[in-house]
Amino acid sequence: MEEILMLKNVSVFYGEHPVLKDVNMGIRPGRILAVMGPSGSGKTTLLRALNGLLWEEPEAEMKGEICLQGRDTRTMDREELRRRVGLVFQTPQPFPFSIYKNMTYAPRYYGIRKKEQLEEIVREKLMMAGLYEEVKGELSKSALKLSGGQKQRLCIARALTAEPEVLLLDEPCSALDVKASAVIEETLLGLKERYTIVIVTHNISQARRIADDAAFFSEGRLVEYGKAETLFTAPEKEETRSFLTGVCG
């Protein structure tokens with residue numbers, strides 16, 4: 001299976017401080033990759049590098065190469081990269097206007113004007129995020145009035161309106177209760193049929209439930225990476241075993 005994203009000798013520095021150290025990994029399409037590790041191990045920096053947000057930080061420097069379907073992302077227009085590789089942040093950040101306007105923001109930006117087409121996009125993506133039935137009668141409602149779990153699903157649905165190939169999520173359930181987290185997990189399992197998903201999670205049980213592949217980072221290093229079932233049941237590295245059993249991290 002050909003990788004949709006490939007990292008080759010990727011290191012990231014903030015000034016003299018290394019945050020990622022010589023990372024090599026390929027991310028396969030149509031799968032959920034769970035990225036785990038202690039706080040400060042470089043997980044969020046990895047997502048920002050994949051999405052190109054790192055380029056907006058003048059103090060950050062990246063060495064190595066990240067390729068999207070064989071193309072070095074640094075040769076790509078930033079807007080194109082962020083459309084193709086979407087990022088949903090840890091704290092959901094709906095725009096301060098209606099649910100409908102949140103959902104049509106990107107399609108309108110990319111030139112879609114027909115009302116029927118916009119309405120179909122809103123319906124389809126909200127359904128994919130498992131939110132449509134809850135909000136279909138109140139699309140004019142302020143998105144800021146949604147619950148935490150609904151806001152997170154709205155942000156996922158909004159990211160999908162740009163038709164990304166890869167969806168990155170940074171701790172999407174960290175502030176949610178068990179019930180809301182379960183809905184997010186169910187949503188992600190449904191989405192992997194159409195999108196490649198990379199999720200940073202501190203919740204090992206969650207990673208076990210939804211991940212096809214798993215990566216363990218420590219102090220900026222990729223310690224271990226492979227099929228989730230193998231990594232969780234028979235990790236090769238002692239450092240990984242210690243993390244998974246709660247000895248460290």
Side-chain angles (χ1 to χ4, degrees), residues 1-89 164-171 195-202 207 211-228 230-232 234-244 248-249:
M1 186 184 299
E2 187 175 344
E3 290 84 359
I4 189 169
L5 279 166
M6 179 68 75
L7 292 84
K8 304 176 182 178
N9 305 115
V10 172
S11 296
V12 173
F13 298 84
Y14 283 87
E16 298 295 320
H17 178 61
V19 181
L20 288 177
K21 304 172 184 177
D22 200 30
V23 175
N24 290 276
M25 65 187 299
I27 299 173
R28 296 187 289 172
R31 296 171 71 84
I32 297 177
L33 165 62
V35 178
M36 304 172 296
S39 297
S41 57
K43 305 183 297 297
T44 295
T45 298
L46 174 70
L47 297 189
R48 295 176 73 84
L50 293 174
N51 175 259
L53 273 180
L54 203 66
W55 301 340
E56 308 299 336
E57 303 178 41
E59 71 276 20
E61 177 188 6
M62 189 187 91
K63 297 180 179 180
E65 188 175 296
I66 299 176
C67 294
L68 175 61
Q69 293 192 333
R71 185 177 170 192
D72 188 337
T73 56
R74 285 177 297 190
T75 69
M76 297 172 61
D77 178 81
R78 296 183 183 187
E79 185 176 298
E80 178 191 356
L81 175 59
R82 287 174 198 153
R83 183 188 62 78
R84 296 176 64 184
V85 183
L87 175 58
V88 177
F89 296 97
E165 296 157 53
V166 182
L167 184 64
L168 312 174
L169 301 107
D170 189 6
E171 300 273 15
Y195 307 95
T196 301
I197 297 171
V198 181
I199 176 172
V200 165
T201 178
H202 68 283
D212 301 295
D213 300 311
F216 171 60
F217 281 78
S218 179
E219 297 180 342
R221 296 174 295 110
L222 176 58
V223 177
E224 193 162 349
Y225 175 47
K227 290 185 177 180
T230 301
L231 188 143
F232 287 123
E236 295 181 358
K237 307 292 186 181
E238 179 59 37
E239 198 170 355
T240 309
R241 284 193 290 271
S242 295
F243 176 79
L244 293 176
C248 68

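Quantities reported herein were computed from a predicted structural model and do not represent experimental measurements. Because only heavy atoms are used, hydrogens play no part in the values below, and waters and symmetry mates are left out as well, while side chains stay in.
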Check: To the nearest 0.5 Å, how far apart are OG1 in T201 and CG in L169?
Finding: 10.5 Å

Item checked: R71 side, atom CZ; L81 side, atom CG - distance, nearest 0.5 Å -> 9.5 Å

Check: Looking at G30 and T196, what are the two nearest heavy atoms and their distance?
Finding: N-OG1, 3.0 Å

Next item on the list: List the steps, then state whether salt bridge (charged side-chain N to carboxylate O under 4.0 Å, His left out) holds for E165 with R84.
Entry: CA-CA 5 Å; E165 296 157 53; R84 296 176 64 184; 2.5 Å; yes

Check: Looking at CZ of R241 and CG of L231, how far apart are the two atoms once the value is rounded to the nearest 0.5 Å?
Finding: 10.5 Å

Checklist line | Short side-chain to backbone donor-acceptor contact, K43 and G37, under 3.5 Å | finding: yes

Item checked: For R82, all residues meeting salt bridge (charged side-chain N to carboxylate O under 4.0 Å, His left out), sequence neighbours excluded -> E56

Item checked: Residue of the set I27, V10, T45 for which side chain to side chain contact (heavy atoms under 4.5 Å, CB included) holds with L50 -> I27

Margin query: Run F243 and F216 through ring pair (Phe, Tyr, Trp, His ring centres under 6.0 Å) and show every step you take.
Written below: CA-CA 9 Å; F243 176 79; F216 171 60; 4.8 Å; yes

Next item on the list: State whether the side chain of K8 and the backbone N or O of I66 hold a donor-acceptor pair below 3.5 Å, judged by distance alone.
Entry: no

Check: Taking atom types as modelled, is there a side-chain donor on E57 or Y14 under 3.5 Å from an acceptor on the other?
Finding: yes

Note to self: Counting C-beta onward and ignoring hydrogens, is there a side-chain heavy-atom pair between E239 and S218 closer than 4.5 Å?
What the structure shows: yes

Next item on the list: Starting at CZ of F13, measure out to NZ of K63 and round the result to the nearest 0.5 Å.
Entry: 5.0 Å

Notebook entry, point to check: Hey, does V35 have a side-chain heavy atom less than 4.5 Å from the side chain of V198?
Noted result: yes

Item checked: Separation between CG of N51 and CG of D170, rounded to the nearest 0.5 Å -> 11.0 Å

Check: Taking E224 for the side chain and P235 for the main chain, is one N or O donor matched with an acceptor at less than 3.5 Å?
Finding: no

Margin query: Using a 6.0 Å cut-off, check whether atom CD of E80 has over 12 heavy atoms from anything other than its own residue.
Written below: yes

Notebook entry, point to check: Any chance the side chains of S11 and D22 put a donor and an acceptor closer than 3.5 Å?
Noted result: no

Item checked: Side chain to side chain, R78 and W55, heavy atoms closer than 4.5 Å -> yes

Checklist line | Separation of I32 CD1 from D213 CG (nearest 0.5 Å) | finding: 10.0 Å

Checklist line | Side-chain donor/acceptor of E171 to backbone N/O of H202, under 3.5 Å | finding: yes

